[in-house]
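Quick notes on the structure that follows.
FYI, the numbering just counts along the sequence from 1.
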Amino acid sequence: MNAETIVLGARDVARYLTIRECIDAIAETLRAHETGKSRGPASSGFTLPGGSFHAKLAAIEDDGRIFVAVKANVNLPGNPSRHGRPTIQGALLLLDGDDGRPLAIMDSIALTSLRTAAVAALAAEHLALSDSRTITIVGCGEQGEAQLCAMAAVRPLRAGFAVDVDAARATALAGRLSLQLGWRVEASTNLAAAVAASDICVTCTTTESPLLFAEHLHPGLFVAAVGADNPAKQEIDAIALSRSRVVVDSLAACAAGGDLHHAIKASAMTEQDVHGELSAIVAGRVPARSSRDQVFVFDSTGTALQDVAAAVLVYRRAAAAGAGLRVVLDDRHLGAATIQAQ
């Protein structure tokens, strides 16, 4: 039996994980989750000076085989300015659920960015207006760019606004994506006006104070709030959330540390007020959008179900291509070199 573990860097992950394939893989995993073909997701974490650490894990049965994913990430918002390093860094370990073999170790930066954008786009497929034309992205880092590209893959967007506390970063993103997508993305300092003109709004910031309020809501709006992944962060005001139909990626996780957490804490909502989890909507157990006037907010903290879906896709494609480094971790029976560059 092959005991090699494939080691994949960020470039490998990006090469073998396209946004459309990732959306479809997550959808299939969520449907499997609804039929009991998963374990977890589970997560644990703690704060660090200047940030946080979290570990997420889940298992999924895919084509008769069980895969287990464990992802460990450090989130340090000050990293880019202090050390010239990304905000989020870490690694994902993919294991065979039958015999326990470590199948792959892969960089989690590209994987986390793409799967976060993919799950928000999957939510948009079910909850945003089918003829959505305009989008506002709040937070113009790597995740903002991934989100805009993902939303463009599922809705016929033709215009966008880029909003960031760093105006230069918003201008840079707007310029890059205008060229890449072939339609105008405009940097804006007026969040209210941008959201008012948009069918979709994505918030992907590290703010600890809400930036979207009830007065920003308008009929037909879909909001994907993906930045608040621990109890200290908040992007959506509690009253705004209470006046929307709220869909979550994980009810337990969002109640513990997402925007929903703050709405519950403020007594503006209870868990029972949540419209449903995304997996139930994808599986057809809970209704999606049923009228043009409904306002939906997708509160996403990120779950290991999303990670395992993306990781299995990367692993299978990389293994078929012979990509990455091949490492024998349990090398006690070997006497020579155990790493082969492919």
Side-chain angles (χ1 to χ4, degrees), residues 22-23 25-46 52-61 67-73 75 88 90 92 108 111-127 143 147 202-204 223-236 241 244-265 269-286 288 296-311:
C22 191
I23 293 168
I26 290 174
E28 186 61 32
T29 293
L30 294 184
R31 281 190 285 268
H33 175 66
E34 284 288 311
T35 61
K37 294 181 179 180
S38 68
R39 297 291 183 273
S43 64
S44 182
F46 46 77
S52 61
F53 167 85
H54 62 259
K56 298 185 176 185
L57 64 155
I60 191 73
E61 182 182 331
F67 295 91
V68 181
V70 183
K71 187 181 77 174
N73 269 3
N75 188 320
I88 297 175
L92 181 142
S108 71
L111 185 137
T112 299
S113 179
L114 279 167
R115 69 82 158 140
T116 302
V119 75
L122 177 62
E125 280 194 311
H126 292 270
L127 304 175
Q143 184 54 218
Q147 287 285 340
V202 181
T203 59
C204 41
V223 177
V226 305
D229 58 1
N230 68 53
K233 298 179 184 178
Q234 183 181 8
E235 295 184 305
I236 314 299
L241 208 64
S244 309
R245 292 175 185 260
V246 178
V247 173
V248 296
D249 57 0
S250 164
L251 182 57
C254 290
D259 283 299
L260 177 63
H261 164 78
H262 296 281
I264 293 172
K265 188 176 179 181
M269 290 183 67
T270 68
E271 291 187 20
Q272 288 68 41
D273 294 322
V274 172
H275 183 73
E277 291 188 323
L278 181 60
S279 60
I281 289 173
V282 170
R285 187 168 58 82
V286 172
F296 276 95
V297 174
F298 175 54
D299 185 14
S300 176
T301 62
T303 78
L305 285 173
Q306 301 156 23
D307 294 322
V308 72

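- Distance CG/Asp229 to NE2/His261: 12.5 Å, rounded to 0.5 Å.
- Contacts of His262 classified as ring-ring contact (aromatic ring centres under 6.0 Å, His included), with partners at least two apart in sequence or in another chain: none.
- Annotation: the span from Ser279 atom OG to Ile26 atom CD1 amounts to 12.5 Å, rounded to 0.5 Å.
- Summarising the geometry, atom NZ belonging to Lys56 is positioned 8.0 Å from atom OG1 belonging to Thr112; distances are rounded to the nearest 0.5 Å.
- Within the 4.5 Å cutoff, the side chain of Pro41 has no heavy atoms near those of the Gln306 side chain.
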Problem set entry | side chain to side chain contact (heavy atoms under 4.5 Å, CB included) between Lys233 and Asn75, worked out | CA-CA 12 Å; Lys233 298 179 184 178; Asn75 188 320; 3.4 Å; yes

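- Among residue pairs with one or both ends in residues 296-310, those qualifying as salt bridge (Lys or Arg N to Asp or Glu O under 4.0 Å) are Lys71-Asp307, Arg115-Asp307; sequence neighbours excluded.
- Applying the salt bridge (Lys or Arg N to Asp or Glu O under 4.0 Å) test to every pair with at least one member in residues 26-37, sequence neighbours left out, gives these pairs: Glu28-Arg31, Glu34-Arg285.
- Note: Thr116 OG1 to Gln147 CD = 7.0 Å, rounded to the nearest 0.5 Å.
- Here the OG atom belonging to Ser244 is positioned 12.5 Å from the NE2 atom belonging to His275, to the nearest 0.5 angstrom.
- Among residues two or more places apart in sequence or in another chain, the side chain to side chain contact (heavy atoms under 4.5 Å, CB included) test is passed with Arg39 by Ala59.
- Not counting sequence neighbours, the partners of Ala252 by the side chain to side chain contact (heavy atoms under 4.5 Å, CB included) test are Ser250.
- A donor-acceptor pair is defined here as one N or O able to donate and one able to accept, closer than 3.5 Å; no such pair exists between the side chain of Glu235 and the backbone of Ala225.
- Inter-residue side-chain proximity for Leu122 and Leu30 is flagged as met; some heavy-atom pair is nearer than 4.5 Å.
- No donor-acceptor pair under 3.5 Å is formed between the side chain of Asp249 and the backbone N or O of Leu278.
- The minimum heavy-atom distance linking Thr29 with Ala309 is given by the pair OG1-CB, 3.2 Å.
- The side chain to side chain contact (heavy atoms under 4.5 Å, CB included) search around Glu271 returns Leu251, Ala255, Ile264, not counting sequence neighbours.
- Judged purely by atom type and a 3.5 angstrom limit, Gln234 uses its side chain to pair as donor or acceptor with the backbone of Ile236.
- Within the 4.5 Å cutoff, side-chain heavy atoms of Leu127 are placed close to those of Ile281.
- When each of Leu241, Thr203, Val247 is paired with Val297, the side-chain contact (heavy atoms from CB on, under 4.5 Å) condition holds for Leu241 and for no other.
- Here the CG-CZ distance, from Asn73 to Phe53, works out to 8.0 Å after rounding to the nearest 0.5 Å.
- Nearest heavy atom pair, residue Gly276 against residue Val286, reads CA-CG1, 4.5 Å.
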